[in-house]
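Atoms considered below: every heavy atom in the structure, side chains included; atoms not considered: hydrogens, waters and symmetry mates. Reminder, nothing fancy here: chain letters follow the sequence lines and each chain counts from 1.
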2 protein chains.
Amino acid sequence: MAASGSTVSSPSVEDVLAQLRARGGRVTTARRQLLEALFDSTEHRTAEGLAAEVQSRAPDVHISTIYRNLDELERLGVVVHTHLGHGPATYHLSSVAHSHLVCELCGMAIEAPDELFRELASGAQDRYGFRIDPRHFAVLGRCRACSGATS
Amino acid sequence: MAASGSTVSSPSVEDVLAQLRARGGRVTTARRQLLEALFDSTEHRTAEGLAAEVQSRAPDVHISTIYRNLDELERLGVVVHTHLGHGPATYHLSSVAHSHLVCELCGMAIEAPDELFRELASGAQDRYGFRIDPRHFAVLGRCRACSGATS
DNA sequence: GTGCTTGCAAACGTTTTGCAGACTC
DNA sequence: GAGTCTGCAAAACGTTTGCAAGCAC
């Protein structure tokens with residue numbers, strides 16, 4: 001669907017709000033604050049963390065509203081979420097989406113460029129017709145520090 | 001790595017039970033049935049699915065026992081679990097462990113040989129000293145069928 | 001008999017849902 | 001005023017835990 005949809009170059013808070021309005025959506029405090037929190041940093045943030053940040057400015061915003069809006073923003077292509085092993089999912093702007101190498105021992109996350117996945121991508125495509133989406137999952141393993149640790 | 005410990009070539013139900021006994025553990029119905037369920041097929045099974053199978057033979061086995069034993073078996077190196085995107089974790093014998101390509105639309109899973117990850121593995125190692133564990137996460141993307149579907 | 005294992009029930013952390021009221025347009 | 005969004009509370013989901021009774025050794 002969405003003939004042109006994936007023009008994913010998240011521009012600014014106001015641009016996204018305009019996008020929402022164009023779709024018949026309303027611009028609310030919760031939405032503006034959530035977007036501001038998201039644009040604030042490129043870190044992986046959990047729904048809970050985002051909620052805390054939004055609540056520091058608008059205390060009444062409920063976490064269920066955060067989830068609903070993250071969902072909506074994901075549908076719009078503004079945000080993507082990633083599953084980093086166990087624990088909660090993390091969200092970021094799709095414009096700063098990238099892959100992750102997550103240490104299964106200490107939890108440290110390295111941001112990896114897509115090119116690291118080039119071979120995997122073409123291999124999966126050639127053999128299985130499978131198109132990987134390296135931004136939507138985390139690569140688990142052991143970081144340098146933990147690699148020595150438990151043999 | 002793993003001096004000797006990971007002699008992971010899960011032989012048979014009885015072998016594993018012997019291993020358990022050697023560690024001071026007890027051989028119980030729940031454990032034997034769980035192992036039999038695991039050895040039964042190489043599919044990815046959820047804790048719930050395994051519980052159902054065990055319960056069909058030993059109705060009183062509680063799912064918490066399944067979790068506890070899967071945990072223990074994982075500590076023994078007999079079993080590994082994987083996170084396939086959303087939803088529950090899946091478990092399988094480490095002797096048949098493999099990587100997965102999971103379609104984020106239809107959920108279909110393809111079992112991928114480790115060699116597909118060779119480049120990614122060496123790239124991550126060289127650049128970041130990160131040793132990937134391709135069996136412990138799923139590669140999300142779109143399968144051939146769904147790839148045509150949504151743009 | 002010792003002490004590892006179990007069933008149960010209850011709690012956990014994350015996410016989703018139903019609903020009536022509040023708000024944006 | 002119409003219809004979208006919200007807060008709240010409660011449920012859903014997968015998983016973990018505390019406990020007393022039960023079983024393997």
Remember a base hit wins even if backbone is also touched, and classify [X] as base, sugar-phosphate or nothing at under 4.0 Å, heavy atoms.
| X | value |
| --- | --- |
| A:Arg21 | sugar-phosphate |
| A:Gly25 | sugar-phosphate |
| A:Ser64 | base |
| A:Arg68 | base |

From [atom1] of [X] over to [atom2] of [N], roughly how many Å is that when rounded to an integer?
| X | N | atom1 | atom2 | value |
| --- | --- | --- | --- | --- |
| A:Asn69 | D:dT6 | CG | C1' | 9 Å |
| B:Ile66 | C:dG7 | CD1 | P | 8 Å |
| B:Arg31 | C:dG7 | CZ | P | 11 Å |
| B:Glu72 | C:dT5 | CD | P | 6 Å |
| B:Leu35 | C:dT5 | CG | P | 13 Å |
| B:Arg75 | D:dT16 | CZ | P | 11 Å |
| B:Leu70 | C:dT6 | CG | P | 11 Å |
| B:Leu20 | C:dT5 | CG | P | 7 Å |

B:Thr65 vs B:Gly24, nearer the 5' end of DNA chain C by closest nucleotide
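First, find each residue's nearest nucleotide; the 5'-ward one identifies B:Gly24.
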OP1 or OP2 of C:dT6 under 4.0 Å from side-chain N/O of B:Thr28:
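B:Thr28 to C:dT6 OP1/OP2: side-chain N or O found under 4.0 Å.
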Please tell me if A:Tyr67 has a side-chain N or O lying less than 4.0 Å from either OP1 or OP2 of C:dT15.
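Looking at the OP1 and OP2 atoms of C:dT15, one of them is under 4.0 Å from a side-chain N or O of A:Tyr67.
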Could you tell me whether the side chain of B:Ser94 and the main chain of B:Val78 form a donor-acceptor pair under 3.5 Å?
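Judged by distance alone, yes, a pair lies under 3.5 Å.
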Aromatic contact between B:His83 and B:His100, with the criterion being ring centroids under 6.0 Å apart: yes or no?
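So the answer is no for these two rings.
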Salt bridge check: are A:Arg21 and A:Glu14 linked by an N-O gap of less than 4.0 Å?
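No, no charged N to carboxylate O under 4.0 Å.
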Report the residue (A:His62 or B:Thr46) whose heavy-atom-nearest nucleotide on DNA chain D is the more 5′ of the two.
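Closer to the 5' end of DNA chain D: A:His62.
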Toward the 5' end of DNA chain D, which comes first, B:Thr29 or B:Ala47, by nearest nucleotide?
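Result: B:Ala47.
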By nearest atom, which of the nucleotides [options] is closest to the [X] side chain?
| X | options | value |
| --- | --- | --- |
| B:Ala30 | C:dT14, C:dT6, C:dA9 | C:dT6 |
| B:Val61 | C:dG7, C:dG3, D:dT6 | C:dG7 |
| A:Arg26 | D:dT15, C:dC8, D:dT4 | D:dT4 |

Should the heavy atoms of other residues, nucleotides or ligands under 6.0 Å from CD of B:Glu36 be counted, would the total exceed 12?
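Enclosed.
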Which of these passes side chain to side chain donor-acceptor pair (under 3.5 Å) with B:Asn69: B:Arg31, B:Glu74, B:Gln33?
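The side chain to side chain donor-acceptor pair (under 3.5 Å) with B:Asn69 is passed solely by B:Arg31 among B:Arg31, B:Glu74, B:Gln33.
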